[in-house]
2 protein chains.
Amino acid sequence: MQFTSQIVEQAVDALSSFPGIGKRTALRLVMYLMNRPESEVAHLADSIIKLKTDLHLCSRCRTVSDQEQCDICSDSRRDNQLICVVEDFSDLMAIEATAQFKGIYHVLGGLISPMEGVGPSDLSIELLLERVAEEKPKEVILALSATVEGDTTMYYVAKKLQDFDVEVSNIARGISVGGELEYVDEITLGRSLLQRTQYTLS
Amino acid sequence: MQFTSQIVEQAVDALSSFPGIGKRTALRLVMYLMNRPESEVAHLADSIIKLKTDLHLCSRCRTVSDQEQCDICSDSRRDNQLICVVEDFSDLMAIEATAQFKGIYHVLGGLISPMEGVGPSDLSIELLLERVAEEKPKEVILALSATVEGDTTMYYVAKKLQDFDVEVSNIARGISVGGELEYVDEITLGRSLLQRTQYTLS
């Protein structure tokens, strides 16, 4: 791409560094920004920079937070006996969106992945163990992705939690709600057979 | 979406104001930014704000430029006898990318569209007429999109240019290079028949 403006070129380069945004999309975004009022563009720039300058990780659960402790950890209505371990902030939000969970969280900040050079010490596993020792929860729910990395991390964390008097569970894996059986992949289907639950008439 | 952080929520809202970027994509971008070094994020924010504070429109052709006159207008190697009229900056860049055009440009800043409330006075048509009167080019090429708005604008500009001693042309419309005949839509195919050119053995 040839630009008549260095400023435009720089903005396109910066925006196309985003994952999934190429030069063409970046140029479209730049064209859009050029036509917006200055106050709006300044607000966007400000929101972006605040992500680095003003954002904290909750001292207790390691989710992103505006204060030293996040809203969920500070909420007295949440069940402190139940800690749900998630990979990151977006998984936490996905679970919050279900409105099915009233406990508190622990954000690992990633998954163990030897391929990407992420070991247990890069994650907040040590902090989780400290929390379990101190807060003495009844149950730790492992809500991690059903991938090799998720399984590895789950195994590692569960193994570490053996030393404590706490129940460890993981979220159910099986066919999706609304999923038609013939289109479910065989691994999921096989696992959902093995992990079948008792059918209760309600 | 429920957020544990106002800062994250604000950034997601700001990014999802972009065309084609929804809340989920915005959250993914925010997560990406949170993990980048502060200098990189500051550079992005700075590039964005510069689009409003440092960018000019070339006083001659109205393309975006870092200086009072753009690189193309200031380039003495460009043919000043040939003015190519385009809708916006990205169309100019598309033509520059072909490396087939050695003249100069005139950027309208949009197309006439009664539906969107854009009239001739909202575009830089008056400036184009002044340029033609003053610079006395040999030819004005209308390189506008093959849409209703493009056709309307082309007609309007061509009509205005009748008062001047200048050739007016428009870019060829027909089947794409590499396009298979049976898949070309009938309007394009019909027009490409009507506007057939003489075949020259070279």
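In this text, all values refer to a predicted model and were calculated from it rather than measured experimentally. In what follows, chains carry the letters A, B, and so on, assigned in the order in which the sequence lines appear, proteins first and then strands, with residues in each chain numbered from 1.
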For D185(A), look at atom CG and say whether over 12 heavy atoms of other residues, nucleotides or ligands are found less than 6.0 Å away. yes

Rounded distance (nearest 0.5 Å) linking atom OG of S17(A) with atom CD of E40(B): 5.5 Å

Nearest non-hydrogen partners of A42(A) and I49(B), listed with the distance: CA-CD1, 3.3 Å

Of the listed V8(B), L51(B), L15(B), D66(B), the one with the largest count of heavy-atom pairs under 4.5 Å with chain A is D66(B)

So what's closer than 4.5 Å to chain A heavy atoms on V12(B): side chain, backbone, both or neither? neither

Nearest heavy-atom pair of K52(A) and L33(B): which atoms, and what distance? CD-O, 3.7 Å

Contacting moiety of F18(A), where chain B heavy atoms sit under 4.5 Å: both

Top contributor to chain A interface from H43(B), K50(B), H56(B), M34(B) [non-hydrogen pairs under 4.5 Å]: M34(B)

Given a strict heavy-atom distance threshold of 4.5 Å, which part of L29(A) is in contact with chain B: side chain, backbone, both, or neither? both

Are there over 12 heavy-atom neighbours, none belonging to E126(B), within less than 6.0 Å of that residue's CD? no

F89(B) side chain near V30(A) side chain, heavy-atom distance below 4.5 Å: no

Count the heavy atoms belonging to other residues, nucleotides or ligands that lie under 6.0 Å from CG of L194(A), then report whether that count exceeds 12. yes

Whatever's closer than 4.5 Å to a heavy atom in chain B on T63(A) counts as side chain

Can you name the closest pair of heavy atoms from S65(A) and S5(B) and give their distance? CA-CB, 4.2 Å

Ranking T53(B), V41(B), I7(B) by heavy-atom pairs under 4.5 Å to chain A gives rank one to I7(B)

Are there over 12 heavy-atom neighbours, none belonging to K138(B), within less than 6.0 Å of that residue's NZ? no

Contact summary for S47(A) and A11(B), nearest pair of heavy atoms: CB-CA, 3.8 Å

Tell me whether Q81(A) at atom CD has more than 12 heavy atoms from other residues, nucleotides or ligands lying less than 6.0 Å away. yes

Heavy-atom proximity to chain B below 4.5 Å, by part of I48(A): both

Taking atom CG of L27(A) and atom OG of S90(B), what is their separation to the nearest 0.5 Å? 5.5 Å

Are there more than 12 heavy atoms of other residues, nucleotides or ligands under 6.0 Å from atom CD of Q6(A)? no

Greatest number of heavy atom pairs closer than 4.5 Å to chain B - which of R24(A), M31(A), Q10(A), R28(A): M31(A)

For Y155(B), is the OH atom crowded, meaning more than 12 foreign heavy atoms sit under 6.0 Å from it? no

Counting only heavy atoms not in Q195(A), do more than 12 sit closer than 6.0 Å to its CD atom? yes

Is I72(B) in contact with chain A via its backbone, its side chain, both, or neither, using a 4.5 Å heavy-atom distance? side chain

Chain B heavy atoms under 4.5 Å from L92(A): which part of the residue, side chain, backbone, both or neither? side chain

Ranked by heavy-atom pairs below 4.5 Å to chain B, first place among D71(A), D46(A), D54(A), V64(A) goes to V64(A)

